[in-house]
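What follows is a single structure, written as structure tokens, with notes after it.
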Amino acid sequence: MNVFFEESGDFKVGSVMTQAGEAYQVEMASGKRTKVKAKDVLLQFEKPSPADLMEQAKAIAADIDLEFLWEVAGEEEFGFAELGAEYFGHAPQPAEAAGLILSLHSSPVYFYKKGRGRYKAAPEQSLRAALAGIEKKKQQALVQAAYVEELKANTLPEAMQNIVLQLLFKPDKNSIEYKALDAACTELHTTPQRLMLAVGGVASAKALHMAKFLFENFPKGAGFPDVPVPVAPGNLPVADVQAFSIDDVTTTEIDDAFSVTKLADGNVKIGIHIAAPGLGIKPDDAVDKLARGRMSTVYMPGDKITMLPDSIVEAFTLAEGKTCPALSLYATLNPADWSVLATETRAELVPIANNLRHNDLDDLVNEETLASGEGDYPHKESLGLIWQWAQVLEAARMVKREGFGLKPEQNNRVDYNFYVEDDVVSVTRRKRGAPLDKIVAELMIFANSTWGKLMHDNGVPGIYRSQGRGVGGWNAKMQVRMLTHAAPHEGLGVDQYAWSTSPLRRYTDLVNQWQILACAEKGVMAPLVAHFKHKDAELFAIVSQFDAAYGAYADHQANMERYWCLRWLGQENARQVEAVVLKDEVLRLSDIPLVIRLPGMPSVARGAQVKLDILRWDEVDLTIEARLLEIPTDVAASDVDFEDDEVEDAPEEAVDAPEVTVEAAAEAPAEQPAAE
């Protein structure tokens, strides 16, 4: 005897070898034997052979008209044998019965299984809906297949043209467009990004990196809605100074300017003038909401996304020839030792005589010309006096820094500036600590520290940047934190440091400007009028939001700088290049700030100059492959300090904000106490 039975949701046939009670010992066509319970046996038959029966059953199942079978079945539950008699017009033969079972079981849309060999026809409404769904899936499969063929032919399907970024960065994996893209990538052995570049969905690798950043951080676009331009109060006094700024030629958000006044008693008053959008923008107004939504200007080589609309930047930037609203910090100094005799903070209108540019002055203003008095350039005397004070400020910071147990800052490193025009990049080297940079950096650090103390002394919270060692003793890692109360910044060598000098491009500085203005106007009564109070949940939320945005913007700037470094290699056809060993297998090219990891590199002294052969690079993945070409026999370490190299966290160009570069170097996590 042979049996047709169900096992684990599948139908099988075999010959019965023995029977013991309610169980059969069955031998399959493969020779394998299995135990089958009687309740699982649907058919018993002598002929044909098990293999022939299964072959005939499959053929019969394929010929069964499911629509007719469904009509014959009626609405009541039935057994397969009952339906077989109706459908075939006679009691079904073993092969017919088995074929019917296979057909019923494989058609869950038409028939619902109710038990072993028992089924029930699906209600008409459910059947029609299910069949419509199946047909829709068939049509979608055809459309998807057509999309795949178009993509393989380097053509972007029309249906994908408006959802390219969504497909790349936040796809609906159930959509036929994504399934087609994924299938095409699998067949072509490529990635969605590369395929979109090939078919024209994304114009270039540069556009791809920008699109990803904008999609994730500016989902509504980087443009601004129309908002009214705020104005400063009309009763501000006009300062009796002729101020000047020092910036890179590309800078449009001019936040800071300086002035020098010689006093009758022989002392010198140096003014630090900071653009004051806080005099016009009010907390929670339309412009404030725009700024808070962005938190910072985003910088990248050749481009930027400003925190504020151009019209508002133009209204408050310290532009040459204008009298601009500013928050001024005046320091009265004794030129004998450049000690600070007094400071004063006030809101006023400041005449801006000049916007000096590094590109025009770098060759004229250096340590040698400042010491000798040679050269002729605007505000020469004032720059000479500020330079003397800046050196004293730096020396005092270094003493304080060493008091915190840290080594002195290294100023013999090199910064790189990127300039992009018509998609052609130029990279210029700039020695860190150049006089113009140091002047801006030291005076900004002085202002940030002084105003941080002003808020603290008047009982007003602000947003501070603090650095100190965490738990773990003298060798614990230096940690940088954003706080709402004053705390030392050990890396900079100051007792407190509140970002306040870039209110046109950093939201934290705008928040602090509101608080400082309250202190300048009301003094010890400032806590009553300041917008943000102690333990203000909104202030904590701003700190958290700023940290997240600032980190994302810094990552994007780093990615775009790496992209432009790779573009520079192709542009200059640089195949054999000089590099500096930073540590172990990590090197940096000498002409551009491109860091390369070279696995298996032999041990070479840090700072050693080596020659590399550039094999290939990838502007999509931002990767590069190189091999070591030459190690000079007389390897000598470079004069660049590498103790904390390549660990900066500055999201702005050094030339745009040298004080941020100084801060970044001071905050380098590799820095260790001198006791080491």
Side-chain angles (χ1 to χ4, degrees), residues 169-170 208-222 253 255 289-301 303-308 415-416 418 448 462-470 477-484 487 489-492 497-512 537-565 593 595 621-622 644-654 656-671:
F169 309 129
K170 195 177 179 181
L208 178 68
H209 297 306
M210 280 300 302
K212 184 176 189 297
F213 173 74
L214 293 173
F215 186 85
E216 293 174 349
N217 295 278
F218 294 84
K220 295 181 180 180
E253 301 156 291
D255 291 297
K289 290 175 181 176
L290 285 181
R292 183 168 176 177
R294 300 197 173 198
M295 283 291 165
S296 171
T297 290
V298 185
Y299 289 91
M300 67 207 83
D303 200 3
K304 63 182 175 181
I305 302 171
T306 58
M307 181 179 77
L308 294 169
D415 292 316
Y416 296 83
F418 291 79
N448 287 327
I463 299 178
Y464 293 83
R465 197 165 176 87
S466 169
Q467 185 188 36
R469 286 180 292 279
K477 182 180 179 181
M478 297 291 285
Q479 296 179 343
V480 182
R481 296 181 297 164
M482 300 287 280
L483 305 172
T484 59
H489 193 302
E490 296 183 9
L492 288 176
Y497 185 73
W499 264 343
S500 315
T501 54
S502 295
L504 291 175
R505 51 188 173 183
R506 264 194 319 238
Y507 189 72
T508 51
D509 301 53
L510 179 60
V511 167
N512 281 339
E538 187 178 4
L539 195 59
F540 291 129
I542 289 170
V543 169
S544 177
Q545 186 180 348
F546 180 84
D547 264 341
Y550 204 58
Y553 297 171
D555 288 344
H556 177 63
Q557 179 177 346
N559 284 340
M560 293 310 295
E561 288 185 357
R562 189 169 181 86
Y563 166 80
W564 283 112
C565 283
V595 176
D621 292 338
L622 300 180
D644 52 14
D645 212 342
E646 311 309 327
V647 287
E648 299 179 4
D649 69 342
E652 299 175 314
E653 292 89 346
D656 247 358
E659 75 277 12
V660 177
T661 303
V662 171
E663 174 194 288
E667 292 182 353
E671 188 68 88

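At distances below 3.5 Å, not a single donor-acceptor pair connects side-chain atoms of Asn512 with backbone N or O atoms of Gly462. Between the side chain of Asp255 and the main chain of Leu504, a donor-acceptor pair closer than 3.5 Å is present. No donor-acceptor pair closer than 3.5 Å links the side chain of Arg481 to the backbone N or O of Gly468. Of the possible donor and acceptor atoms, none in the side chain of Glu253 sits under 3.5 Å from a partner among the backbone N and O of Arg505. The backbone N or O of Thr297 sits nowhere less than 3.5 Å from a side-chain atom of Thr306 that would complete a donor-acceptor pair.
With sequence neighbours left out, Ala549 forms a side chain to side chain contact (heavy atoms under 4.5 Å, CB included) with Met295, Tyr553. With sequence neighbours left out, Phe169 forms a side chain to side chain contact (heavy atoms under 4.5 Å, CB included) with Leu165, Leu208, Ala211, Lys212, Phe215. For Asp555, the salt bridge (charged side-chain N to carboxylate O under 4.0 Å, His left out) criterion is met by no residue, not counting sequence neighbours. Every residue meeting the side-chain hydrogen bond (donor to acceptor under 3.5 Å, both in side chains) condition with Tyr507, not counting sequence neighbours, appears here in chain and number order: Asp288. Taking Asp509 as the reference, Arg506 meet the side-chain hydrogen bond (donor to acceptor under 3.5 Å, both in side chains) condition, with sequence neighbours excluded.
Distance CE/Met307 to CG/Leu290: 10.0 Å, rounded to 0.5 Å. Atoms OH and CE, from Tyr563 and Met300 in turn, are 13.0 Å apart once rounded to the nearest 0.5 Å. To the nearest 0.5 Å, the span separating OG on Ser296 from CG on Leu510 amounts to 12.0 Å. A distance of 14.5 Å separates CD of Gln557 from CZ of Arg562, quoted to the nearest 0.5 Å. The OH atom of Tyr464 sits 14.0 Å away from atom NE2 of His489, with the distance rounded to the nearest 0.5 Å.
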Validation: residues 540-548 side-chain donor-acceptor distances under 3.5 Å, sequence neighbours left out:
residue, atom, partner, partner atom, Å
Gln545, NE2, Arg292, O, 3.0

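Using a 4.5 Å heavy-atom threshold, the side chains of His209 and Asn559 count as separate. Under the 4.5 Å side-chain criterion, counting only non-hydrogen atoms from C-beta, Leu492 is not in contact with Asn448. Under the 4.5 Å side-chain criterion, counting only non-hydrogen atoms from C-beta, Thr508 is in contact with Met482.
The aromatic ring centres of Trp564 and Tyr416 sit 6.0 Å or more apart.
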Problem set entry | Step-by-step side chain to side chain contact (heavy atoms under 4.5 Å, CB included) determination, Phe218 to Arg294 | CA-CA 8 Å; Phe218 294 84; Arg294 300 197 173 198; 3.7 Å; yes
